[in-house]
Trainee: 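Take a look at the following structure, please.
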Amino acid sequence: MTVYYCLLGLTAGILNGFFGAGGGLITVPLLRRTGLEAKKCHATSIAVILSLCVLSGLAYFKAGNLDLLSAVSYLPGGMAGAVLGAVLLKKIDNSILRRIFGLVLVFSAVRIFLP
């Protein structure tokens, strides 16, 4: 399983570097394959993606590709949404959570393919 987790981390890191926090889109389904309960997959994915986002953000900053002023304007709403999402995750049924996650995946795919 160690090789599997290393490959999972590598894939999530690459996606995170390309798309921001997009690594979570692959981390959650692959964590589900390990038998982890759905809510724990989402929470574990957040923990994985957090460190990947910090590293990607530092790389973008070092390359001069990060607009800190723009990023700061999103923080208050993003932080409130993160807390709300964590609270709601505890209360939501796993079947509804899977459907919402599936809709996010479909929405993301449509946005990629449409101009």
Side-chain angles (χ1 to χ4, degrees):
M1 274 307 213
T2 303
V3 172
Y4 176 78
Y5 289 123
C6 286
L7 290 174
L8 170 62
L10 177 66
T11 304
I14 291 169
L15 289 174
N16 194 76
F18 282 158
F19 306 118
L25 295 176
I26 193 160
T27 307
V28 171
L30 292 177
L31 285 170
R32 276 299 280 152
R33 287 182 148 189
T34 68
L36 202 59
E37 185 260 329
K39 291 178 183 178
K40 287 187 179 183
C41 289
H42 287 272
T44 302
S45 175
I46 295 289
V48 170
I49 299 308
L50 172 64
S51 58
L52 299 178
C53 286
V54 169
L55 289 172
S56 295
L58 289 172
Y60 285 129
F61 180 76
K62 187 174 179 179
N65 294 324
L66 179 62
D67 182 351
L68 285 174
L69 291 177
S70 292
V72 168
S73 66
Y74 288 94
L75 286 177
M79 293 168 89
V83 170
L84 180 61
V87 169
L88 291 175
L89 181 66
K90 294 178 188 176
K91 299 178 182 204
I92 196 167
D93 184 71
N94 282 341
S95 64
I96 295 171
L97 180 62
R98 274 194 316 274
R99 288 185 181 108
I100 292 170
F101 188 70
L103 287 172
V104 169
L105 289 175
V106 169
F107 176 75
S108 298
V110 169
R111 282 192 52 222
I112 288 169
F113 289 109
L114 293 180

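This is a predicted model, so every value here is computed, not measured.
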Trainee: Would you compute the distance between atom CE of Met79 and atom CG of Leu84 and round it to the nearest 0.5 angstrom?
Mentor: 14.5 Å

Trainee: How long is the straight-line distance from CZ of Arg32 back to CZ of Arg98, given to the nearest 0.5 Å?
Mentor: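 Output value for this atom pair is 6.5 Å.
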
Trainee: Calculate, to the nearest 0.5 Å, the distance between atoms CG and OG belonging to Leu50 and Ser45 respectively.
Mentor: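 Separation between the atoms: 11.0 Å.
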
Trainee: Considering non-hydrogen atoms only, spot the tightest contact between Leu36 and Cys41 and give its length.
Mentor: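 Heavy atoms of Leu36 and Cys41 come nearest at O-SG, 3.3 Å.
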
Trainee: What are the two closest non-hydrogen atoms of Leu97 and Lys39, and how far apart are they?
Mentor: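 Result for this residue pair: CD2-CG, 4.0 Å.
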
Trainee: Can Leu89 be reached from Ile100 by stepping across I, L, V, M, F, W or Y side chains whose heavy atoms are under 4.5 Å apart?
Mentor: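 Same cluster.
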
Trainee: Leu31 and Thr34: which non-hydrogen atoms are nearest, and at how many Å?
Mentor: O-OG1, 2.5 Å

Trainee: Is Leu69 reachable from Phe61 through a run of I, L, V, M, F, W or Y residues, each pair having side-chain heavy atoms under 4.5 Å apart?
Mentor: no

Trainee: Output yes when a side-chain donor or acceptor of Thr44 lies under 3.5 Å from a complementary backbone atom of Lys40, and no otherwise.
Mentor: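 It does hold such a pair.
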
Trainee: Between Ser51 and Val48 (side chain of the first, backbone of the second, donor and acceptor by atom type, cut-off under 3.5 Å), is there such a pair?
Mentor: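 Here the side-chain-to-backbone pair exists.
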
Trainee: Quick one, Asp93 and Ile96 - any side-chain contact, counting heavy atoms below 4.5 Å?
Mentor: yes

